[in-house]
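Each remark here refers to the structure printed beneath this line.
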Amino acid sequence: AAATYKKVVPSVVSVEVDISGSSSEESGTSEGTGIIASSGGYILTNAHVVNYSKGNTVKVTLHSGKTYPAVVAGYDKTSDIAVLKINVSGLSPAVFGNVDNMQIGDSVIAIGSPGGISFAGSLTGGYISALNRVIEANSGTAINPGNSGGPLVNMYGQVIGINSNKVVAKGYESMGFSIPVSRARTIINDLIQKGYVAGRCRLGVTVGSVPEIYREYYNYPEGVLIQTVGSDSDLKNKGITAGDIITKAGGNDIKSIDDLYSMLNAHKPGDEISITVYSTAQADKGKTKTVKVKLLEDKGETQN
C-alpha cells in the first residue's frame with residue numbers, strides 16, 4: 001500500500017467549489033478530490049462535487065500545494081462524472097486500469113481529502129466486496145465530505161474507479177461505491193471533446209414529482225408532473241401542456257423521474273415513442289390521452 005500510494009498520490013488533487021445561489025441556503029462551498037487524467041490539465045471528479053453546474057468558481061490544489069483556477073469542461077448527472085480543466089502543462093496523470101480484471105477480495109486503496117483540503121492526500125484501504133452493484137436511493141450521499149471524486153486504486157497503482165457515494169441507512173457502515181473508470185471512458189471522452197455526453201435524448205420538458213398532497217387531495221395518479229414544455233418539444237405539437245402528468249412512456253409505467261430517465265436512456269435521438277398523460281387542466285381534468293412523440297438529441301440541455 002505504501003509503494004502504491006507514493007506512485008499515485010502525485011496524480012491526486014483537492015477540489016474546492018464556491019457555489020453561488022439566489023439565497024444563503026443555496027450558496028456555500030463544496031470540497032472534493034480529483035484525479036489528473038492528462039498532463040495537459042484535464043482532471044476527473046464527481047458531478048455532485050461541482051454542484052451540477054458549469055457556473056461555479058472552482059479551484060484545484062495539486063499535491064505539491066500549488067493552487068490553480070479551473071473550469072468545468074463538462075459533467076454528466078447520470079454517471080456522476082465531471083471533467084475539470086486547469087491551464088497547466090507537465091502534470092503527472094494517473095495510470096488507469098480495467099475493473100473487469102478485478103475480483104471480489106482484491107485489495108484496493110482510496111486517496112482523498114476526507115473533511116476537506118486540510119486532510120488532503122489521506123489514504124484508506126480495503127477489499128472489493130462486490131462488483132456491478134445497482135445503487136439504490138439511500139446510497140446517494142457523498143462517500144465522505146471531501147473524498148468524492150478521488151481514485152480507487154488497485155495494488156498495481158492503476159486507478160480503476162472514481163469514489164462517489166455510500167449507503168446512508170440505519171445498520172449500514174463503511175459501505176462505499178465507486179464508478180468504474182474503464183466503463184465510463186466514452187462518457188469521459190465526450191465530456192472533454194464536447195462538454196456533454198453524445199447520443200442521449202430528451203423530451204424537451206422540465207419535470208418534477210407529483211406532490212403527495214395533490215395525489216391525496218385531487219386523486220392524481222403516480223407519475224411525473226410536466227412543469228414546462230419547450231418550444232422545440234414534439235409534445236407541444238401534440239397538445240401536451242404544463243400541469244399534465246406523464247403516467248406511461250415508451251411502453252413503461254412512469255412513477256418517478258428516475259423511471260422517465262431510465263426510459264430515455266434506453267432510446268436514441270429521433271426515436272418515436274408513445275406518451276400517456278393525465279390532464280389536470282380544469283376543462284379536461286381526469287382525462288388521459290396517448291400521443292406519439294419524437295425524441296430530441298440532448299446536447300447538454302438536461303445534462304448541464
Is the number of heavy atoms from other residues, nucleotides or ligands within 6.0 Å of [atom1] ([X]) greater than 12?
{"X": "Phe119", "atom1": "CZ", "answer": "no"}
{"X": "Lys285", "atom1": "NZ", "answer": "yes"}
{"X": "Ile104", "atom1": "CD1", "answer": "yes"}
{"X": "Lys85", "atom1": "NZ", "answer": "yes"}
{"X": "Arg185", "atom1": "CZ", "answer": "no"}
{"X": "Lys255", "atom1": "NZ", "answer": "no"}

In terms of side-chain heavy atoms, does [X] have a donor or acceptor partner in [Y] at a distance below 3.5 Å?
{"X": "Asp80", "Y": "Ser164", "value": "yes"}
{"X": "Thr247", "Y": "Thr276", "value": "no"}
{"X": "Thr67", "Y": "Thr61", "value": "yes"}
{"X": "Asn154", "Y": "Gln158", "value": "yes"}

Looking only at heavy atoms, what is the nearest atom pair of [X] and [Y], with distance?
{"X": "Gly195", "Y": "Lys54", "result": "O-NZ, 3.6 Å"}
{"X": "Ile240", "Y": "Val229", "result": "O-CG2, 3.8 Å"}
{"X": "Ala249", "Y": "Ile254", "result": "N-CG1, 3.6 Å"}
{"X": "Ser11", "Y": "Ala94", "result": "OG-N, 3.4 Å"}
{"X": "Ser30", "Y": "Val49", "result": "OG-O, 2.8 Å"}
{"X": "Tyr127", "Y": "Ser107", "result": "CE2-OG, 3.5 Å"}

Check for a donor-acceptor pair, side chain of [X] on one end and backbone N or O of [Y] on the other, with a separation under 3.5 Å.
{"X": "Asp271", "Y": "Lys268", "value": "yes"}
{"X": "Asp234", "Y": "Lys294", "value": "yes"}
{"X": "Asp190", "Y": "Ile187", "value": "no"}
{"X": "Asn98", "Y": "Asp100", "value": "yes"}
{"X": "Tyr75", "Y": "Tyr52", "value": "yes"}
{"X": "Asn147", "Y": "Ser113", "value": "yes"}
{"X": "Asp18", "Y": "Thr29", "value": "no"}
{"X": "Lys7", "Y": "Tyr156", "value": "yes"}
{"X": "Tyr5", "Y": "Gly121", "value": "yes"}

side-chain contact (heavy atoms from CB on, under 4.5 Å), that's the test. Do Ile245 and Leu225 meet it? Break it down for me. CA-CA 5 Å; Ile245 297 172; Leu225 180 67; 3.9 Å; yes
Please report the interatomic distance [atom1]([X]) to [atom2]([Y]), rounded to the nearest 0.5 Å.
{"X": "Ile43", "Y": "Ser38", "atom1": "CD1", "atom2": "OG", "answer": "8.5 Å"}
{"X": "Ser209", "Y": "Arg215", "atom1": "OG", "atom2": "CZ", "answer": "10.5 Å"}
{"X": "Lys287", "Y": "Ser279", "atom1": "NZ", "atom2": "OG", "answer": "8.5 Å"}
{"X": "Leu123", "Y": "Thr4", "atom1": "CG", "atom2": "OG1", "answer": "9.0 Å"}
{"X": "Asp253", "Y": "Met263", "atom1": "CG", "atom2": "CE", "answer": "12.0 Å"}
{"X": "Glu31", "Y": "Ile117", "atom1": "CD", "atom2": "CD1", "answer": "7.0 Å"}

Going through the checks in order, is the side-chain contact (heavy atoms from CB on, under 4.5 Å) test met by Arg202 and Asp232? CA-CA 11 Å; Arg202 62 187 178 94; Asp232 57 350; 2.8 Å; yes
Is any side-chain heavy atom of [X] less than 4.5 Å from a side-chain heavy atom of [Y]?
{"X": "Val15", "Y": "Val13", "value": "yes"}
{"X": "Val99", "Y": "Leu152", "value": "no"}
{"X": "Ile86", "Y": "Leu91", "value": "yes"}
{"X": "Tyr261", "Y": "Thr78", "value": "no"}
{"X": "Ile128", "Y": "Gln103", "value": "no"}
{"X": "Asn189", "Y": "Lys194", "value": "no"}
{"X": "Ile35", "Y": "Phe96", "value": "yes"}
{"X": "Val72", "Y": "Leu84", "value": "yes"}

[X], [Y]: one ILVMFWY side-chain cluster at the under-4.5 Å cut-off?
{"X": "Leu264", "Y": "Ile246", "answer": "yes"}
{"X": "Tyr42", "Y": "Ile81", "answer": "yes"}
{"X": "Val205", "Y": "Tyr220", "answer": "no"}
{"X": "Leu260", "Y": "Val293", "answer": "yes"}
{"X": "Val50", "Y": "Val60", "answer": "yes"}

Do you know which of Leu44, Val12, Val9, Ile162 makes side chain to side chain contact (heavy atoms under 4.5 Å, CB included) with Pro151? Val12
Does the side-chain contact (heavy atoms from CB on, under 4.5 Å) test come out yes or no for Leu295 and Leu203, once each step is laid out? CA-CA 6 Å; Leu295 297 175; Leu203 281 169; 3.6 Å; yes
Under the side-chain contact (heavy atoms from CB on, under 4.5 Å) rule, what do Val197 and Leu191 come out as? Steps first, then yes or no, please. CA-CA 6 Å; Val197 181; Leu191 292 177; 4.1 Å; yes
Using the six-membered ring wherever Trp is involved, compare the ring planes of Tyr214 and Tyr218 and label them parallel, tilted or perpendicular (cut-offs 30° and 60°). perpendicular
